[in-house]
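What you see below is based on every heavy atom in this structure, not just the backbone, and it leaves out hydrogens, waters and symmetry mates.
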Amino acid sequence: MKLLHVINNLRRGGAEVLLRDSLPHMRDRGIQVSVLLLSEHGEEILEEIEGMGFRVLRSRARELSSPAQVPEIRRSLKTVGPDIVHVHLFPALYWTALACPRKGPGMVYTEHSTTNRRRGLPFLRPLETLIYRRYKRIICISDGVRGELLSWCPSLAGRAVVVHNGVDIQRIRMARPVSRQELIPGCDPGDRLLVMAASFSRKKDQATVIRALGLLPGNFRLLLPGDGPTMEGMKSLAGELGLGQRVSFPGNRPDIPGILKACDYAVQSSRAEGFGLAAVESMAAGVPVFASRVSGLSEVVGDAGILFEPGNHEALAEAILGIDGHGRSRESLSMKGLERAEHFRMERMVDNLISIYGTVSGRS
């Protein structure tokens with residue numbers, strides 16, 4: 001079976017990292033995989049994918065939002081001749097739906113989020129319904145994502161299926177902890193290190209974690225790996241609260257599993273979340289997880305972590321203090337997380353996707 005993934009770019013985000021990690025598992029199952037990028041961003045993940053020997057095609061359209069993407073996608077379809085086209089993210093969703101012939105390859109789309117700006121524009125609902133119906137299956141990464149999609153386009157009920165994201169559990173288990181001194185120079189052995197590994201975007205909520213830090217004892221430090229448009233604002237907030245020396249912003253890092261293992265607690269604070277890949281990675285690393293109670297994220301964490309109301313920094317600080325210093329509680333939370341992470345193995349996700357590909361291509 002030939003498979004073509006179509007994605008906007010390879011910036012280091014959840015969908016992009018998930019794609020990278022799934023490719024070797026697809027190949028191991030005998031699938032010929034190629035990737036089409038609609039814009040040139042995210043060189044680091046691109047190099048990793050090409051370094052693994054996968055074919056990467058690039059659109060020649062100058063803008064991601066340009067209708068010139070349609071003939072570029074058609075060109076790639078002729079080059080690859082795929083049996084299945086698997087599309088990720090908007091606007092790849094639209095351009096691929098317009099580019100693929102009706103009697104062409106089987107088309108599937110992964111819905112990665114519970115929210116997007118288009119759903120705030122009711123006049124787009126008929127167009128969105130037509131676009132989504134071009135795909136034989138819409139893969140929702142959580143029950144919450146499926147529920148929100150069907151609230152927007154109810155007629156998709158027969159096409160929308162849930163396939164939880166997968167994590168390379170073995171890679172995380174084998175990762176060696178990064179030196180705490182490297183992460184935070186001057187870090188003392190008795191310091192408590194919090195981490196929130198996430199992009200800096202409107203859906204993420206690092207501000208709540210920073211404010212919670214201000215309510216914690218001075219031996220608590222916060223590590224915020226990632227990049228994005230809200231980073232400078234978060235740096236300013238930390239400074240305004242007098243926490244500049246206790247918060248570190250190391251930027252994008254390829255060694256997130258090792259960073260997680262160097263930390264005492266992981267926090268996932270979000271305003272909206274389709275799944276919560278970083279929460280699963282944290283649980284797989286044996287790190288106790290605190291997560292905001294939003295659809296998708298709370299579904300993934302369940303009772304294997306501690307949930308707090310979104311934006312409530314006081315509740316977050318109280319929850320952390322309630323666990324810290326209680327060895328049995330911390331160990332219990334860690335063990336629950338390790339067990340919970342097993343439900344989200346990459347192998348399980350890939351098996352489910354291949355089953356869907358077989359159905360869509362008529363090869364099941």
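Annotation: cation-pi pair R159/Y135 absent, no NZ/CZ under 6.0 Å from the ring centroid and within 45° of its normal. A cation-pi arrangement is found for R27 relative to F54, the charged atom lying closer than 6.0 Å to the ring centre and inside a 45° cone about the ring normal.
Annotation for Q181: atom CD counts as buried by contact number, over 12 foreign heavy atoms lying within 6.0 Å. The number of heavy-atom neighbours closer than 6.0 Å to CD of E331, taken from other residues, nucleotides and ligands shown, is 12 or below. Counting heavy-atom neighbours within 6.0 Å of M335 CE, excluding the residue itself, gives a total of 12 or less. Counted within 6.0 Å of CD on E182, heavy atoms from surrounding residues, nucleotides or ligands total more than 12; the atom is thus considered enclosed.
For R330 and Y265, the side-chain atoms include at least one donor-acceptor pair closer than 3.5 Å. Between the side chains of E299 and H164, at least one donor-acceptor pair of N or O atoms lies under 3.5 Å. H86 and T110 share a side-chain donor-acceptor pair at under 3.5 Å. One side chain, Q69 or S59, offers a donor N or O that lies under 3.5 Å from an acceptor on the other.
R125 has no carboxylate O lying under 4.0 Å from a charged side-chain N of E128, or vice versa, which leaves the two without a salt bridge. Comment: D83 does not engage K2 in a salt bridge, judged by the lack of any side-chain N to carboxylate O separation of less than 4.0 angstrom. Ion pair D227/R11 not flagged as a salt bridge, since none of the NZ, NE, NH1 or NH2 atoms sits closer than 4.0 Å to an Asp/Glu carboxylate oxygen. For the pair E40 and R58, the salt-bridge criterion is met [side-chain N within less than 4.0 Å of a carboxylate O]. The existence of a salt bridge linking E148 and R119 is excluded, since no basic side-chain nitrogen approaches an acidic carboxylate oxygen closer than 4.0 Å. Remark: K235 engages E232 in a salt bridge, criterion side-chain N to carboxylate O under 4.0 Å. Remark: K261 does not engage D255 in a salt bridge, criterion side-chain N to carboxylate O under 4.0 Å. Checked for salt-bridge contact, E240 and R211 miss the test: no charged N lies under 4.0 Å from a carboxylate O.
In this structure, D324 CG and L216 CG are separated by 8.5 Å, a value rounded to the nearest 0.5 Å. For the atom pair CG (L297) and CD (E273), the distance works out to 5.5 Å, reported to the nearest 0.5 Å. In this structure, CE in M196 is found 5.0 Å from OG in S269, a value given to the nearest 0.5 Å.
The hydrophobic clustering, which links ILVMFWY residues whose side-chain heavy atoms are closer than 4.5 Å, places I169 and L23 together. In terms of hydrophobic clustering, with Ile, Leu, Val, Met, Phe, Trp and Tyr side chains grouped at heavy-atom distances under 4.5 Å, V17 and L37 are assigned to a common cluster. Under a hydrophobic-cluster definition in which Ile, Leu, Val, Met, Phe, Trp and Tyr are linked whenever side-chain heavy atoms come within less than 4.5 Å, directly or via other members, L149 and V161 are assigned to different clusters. I131 is not connected to V108 by any chain of hydrophobic side-chain contacts under 4.5 Å among Ile, Leu, Val, Met, Phe, Trp and Tyr, and they are in different clusters. Follow the hydrophobic side-chain contacts under 4.5 Å out from L127 and you reach L121 in the same cluster.
Aromatic rings of F308 and F290 (six-membered ring for Trp) have centroids beyond the 6.0 Å cut-off, not under it.
Side-chain atoms of R180 come within 3.5 Å of backbone atoms of D191 as a donor-acceptor pair (strictly under, hydrogens ignored). Side chain of T114 to backbone of G274: no donor-acceptor contact under 3.5 angstrom is found. In this structure a side-chain-to-backbone donor-acceptor pair under 3.5 Å is missing from S248 to P250. Looking only at distances, no side-chain donor or acceptor of E111 sits under 3.5 Å from a matching main-chain atom of I138. S292 contributes a side-chain N or O that, together with a main-chain N or O of S270, makes up a donor-acceptor pair within less than 3.5 Å. Remark: side-chain polar atoms of R176 are not paired, donor with acceptor, to backbone N or O of G258 under 3.5 angstrom. R137 contributes no side-chain N or O that, together with a main-chain N or O of V360, makes up a donor-acceptor pair within less than 3.5 Å. Using a distance-only test at 3.5 Å, with no hydrogens or angles considered, no donor-acceptor pair links the side chain of W152 to the main chain of R118. Checked by atom type and distance alone, the side chain of R146 pairs as donor or acceptor with a backbone atom of A160 at under 3.5 Å. Counting only distance, with no hydrogens or angles, the side chain of R192 and the backbone of N219 share no donor-acceptor pair below 3.5 Å.
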Pair up each side-chain donor or acceptor in residues 345-354 with any protein partner under 3.5 Å, not counting sequence neighbours, and list the distances.
{"from": "R345", "atom 1": "NE", "to": "E342", "atom 2": "OE1", "distance (Å)": "2.6"}
{"from": "R345", "atom 1": "NH2", "to": "E342", "atom 2": "OE1", "distance (Å)": "3.3"}
{"from": "R345", "atom 1": "NH2", "to": "E342", "atom 2": "OE2", "distance (Å)": "3.4"}
{"from": "R348", "atom 1": "NH1", "to": "H343", "atom 2": "O", "distance (Å)": "3.3"}
{"from": "D351", "atom 1": "OD1", "to": "R29", "atom 2": "NE", "distance (Å)": "2.9"}
{"from": "D351", "atom 1": "OD1", "to": "R29", "atom 2": "NH2", "distance (Å)": "3.2"}
{"from": "N352", "atom 1": "ND2", "to": "R348", "atom 2": "O", "distance (Å)": "3.3"}

>> What verdict does the salt bridge (charged side-chain N to carboxylate O under 4.0 Å, His left out) test give for R20 and D168, after you've listed the backbone C-alpha separation in whole Å, the side-chain angles of each residue and the deciding distance to 0.1 Å?
In response: CA-CA 11 Å; R20 178 202 65 191; D168 191 338; over 6 Å; no
